[in-house]
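I have placed the structure first, in the form of structure tokens, so that the comments after it can refer back to it.
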Amino acid sequence: MNRSRQVGAADVGTMTDAAIIKRSVQDPESFALIFDRHAPHIHRYLVRRLGAGIADDLVAETFLAAFRRRKRFDPAYPEARPWLYGIATNIVSQRRREEEREYRLRQAYVPTTSEASHADRVVTVVTAQSLRQTLFDALAKLSARDRDVLLLIAWEELTYDQVAAALSIPVGTVRSRLNRARKLLRENLSSDPTNAIEETLSNG
């Protein structure tokens, strides 16, 4: 009996996300592997969207919602991460005010001289901070739907198809929203907006 359980657990580790989720309908404990595989990515995304202070709670909320909806997961998709990003994005959408507040807090942050002990470090930090202020201001002006698409692509490197699956929208809609968001950001940034977001916010 114990040996059978051990073999089963080992088999789960080599299964696709879709297979694990299907199995979890009968064996709920196996869903924990979905958390182990994808929680770090979802946590990073939520930190970037709403800040570290609330991210832990929202990761738990995301995976609890995923667990409850696991019977509705489409097995045609072998990987669950886009589905999880979709759930996390829906949670962010319920907290738009917190997201905008997070952007304002990041805009207001000014590094102290102790954080930049060398002259070249001061120049680098001040330049990066200036871009952050411009970027967060531009992000706040985007519509919520356009911002969701842009950040899933820029931060999480999802493909158009994955974003479409995550947000339950056609690929054509992903493209139009991304183009609209890029156009608005390009008015405020000298470089490609997607690259600017990734480079400027790579540390959260």
Side-chain angles (χ1 to χ4, degrees), residues 16-18 34 37-52 54-55 58-59 61-63 65-66 69 73-74 76-107 128 130-204:
T16 65
D17 292 344
I34 298 298
R37 287 180 176 180
H38 301 298
H41 301 279
I42 301 302
H43 183 268
R44 180 187 63 186
Y45 175 62
L46 290 169
V47 167
R48 287 169 157 178
R49 295 296 298 260
L50 292 167
I54 196 173
L58 297 188
V59 168
E61 187 175 336
T62 297
F63 280 90
R69 301 175 193 175
F73 180 78
D74 186 349
Y77 298 98
E79 186 180 14
R81 195 179 302 172
W83 176 60
L84 295 168
Y85 278 128
I87 295 172
T89 299
N90 285 337
I91 290 172
V92 170
S93 72
Q94 297 167 11
R95 298 173 180 266
R96 293 297 183 192
R97 291 182 181 178
E98 286 94 333
E99 182 179 32
E100 292 174 3
R101 179 174 177 273
E102 178 67 18
Y103 289 161
R104 288 195 294 271
L105 288 173
R106 295 190 192 188
Q107 288 174 343
S130 177
L131 180 55
R132 282 190 180 91
Q133 290 174 350
T134 301
L135 178 57
F136 283 124
D137 182 61
L139 286 173
K141 292 178 181 178
L142 295 177
S143 72
R145 292 178 176 179
D146 291 353
R147 187 165 61 234
D148 289 341
V149 168
L150 178 70
L151 298 184
L152 284 171
I153 290 173
W155 278 345
E156 306 310 317
E157 299 182 349
L158 268 63
T159 66
Y160 291 177
D161 287 342
Q162 288 175 325
V163 173
L167 302 181
S168 299
I169 57 178
V171 172
T173 302
V174 172
R175 294 180 185 276
S176 63
R177 290 182 185 178
L178 179 62
N179 289 337
R180 189 164 49 239
R182 279 176 165 166
K183 181 179 179 181
L184 179 58
L185 290 187
R186 193 172 285 115
E187 294 174 359
N188 296 289
L189 301 171
S190 59
S191 59
D192 178 78
T194 303
N195 291 337
I197 292 173
E198 182 59 32
E199 292 171 5
T200 308
L201 308 181
S202 59
N203 293 323

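Residue numbers count from 1 along this sequence.
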Check ion pair R95-E61 (N to O, under 4.0 angstrom):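 Answer for the salt bridge query: yes.
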R49 with D148: basic N within carboxylate O range, under 4.0 Å: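 Looking at R49 and D148, the cut-off is met.
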Derivation and outcome, salt bridge (Lys or Arg N to Asp or Glu O under 4.0 Å), residues E79 and R37: CA-CA 10 Å; E79 186 180 14; R37 287 180 176 180; over 6 Å; no
Measure across [X] and [Y] and return the closest heavy-atom pair with its distance rounded to 0.1 Å.
| X | Y | result |
| --- | --- | --- |
| P82 | A166 | O-CB, 3.0 Å |
| P170 | A164 | C-CB, 4.1 Å |
| H43 | A55 | NE2-CB, 3.9 Å |

Test side chain to side chain contact (heavy atoms under 4.5 Å, CB included) applied to V171 and R175, step by step: CA-CA 6 Å; V171 172; R175 294 180 185 276; 3.8 Å; yes
Mind checking the [atom1]-[atom2] spacing from [X] to [Y]? Nearest 0.5 Å is all I need.
| X | Y | atom1 | atom2 | value |
| --- | --- | --- | --- | --- |
| I153 | Y160 | CD1 | OH | 5.5 Å |
| L167 | L152 | CG | CG | 5.5 Å |
| L139 | L150 | CG | CG | 6.5 Å |
| I87 | L58 | CD1 | CG | 13.0 Å |
| I42 | L84 | CD1 | CG | 5.0 Å |
| H41 | E157 | NE2 | CD | 10.5 Å |

Check: W83 ring centre within less than 6.0 Å of F73 ring centre: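 Ring centroids of W83 and F73 are less than 6.0 Å from each other.
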R145 atom CZ, over 12 foreign heavy atoms within 6.0 Å: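 Counting neighbours around CZ of R145, 12 or fewer heavy atoms of other residues, nucleotides or ligands fall under 6.0 Å, so no.
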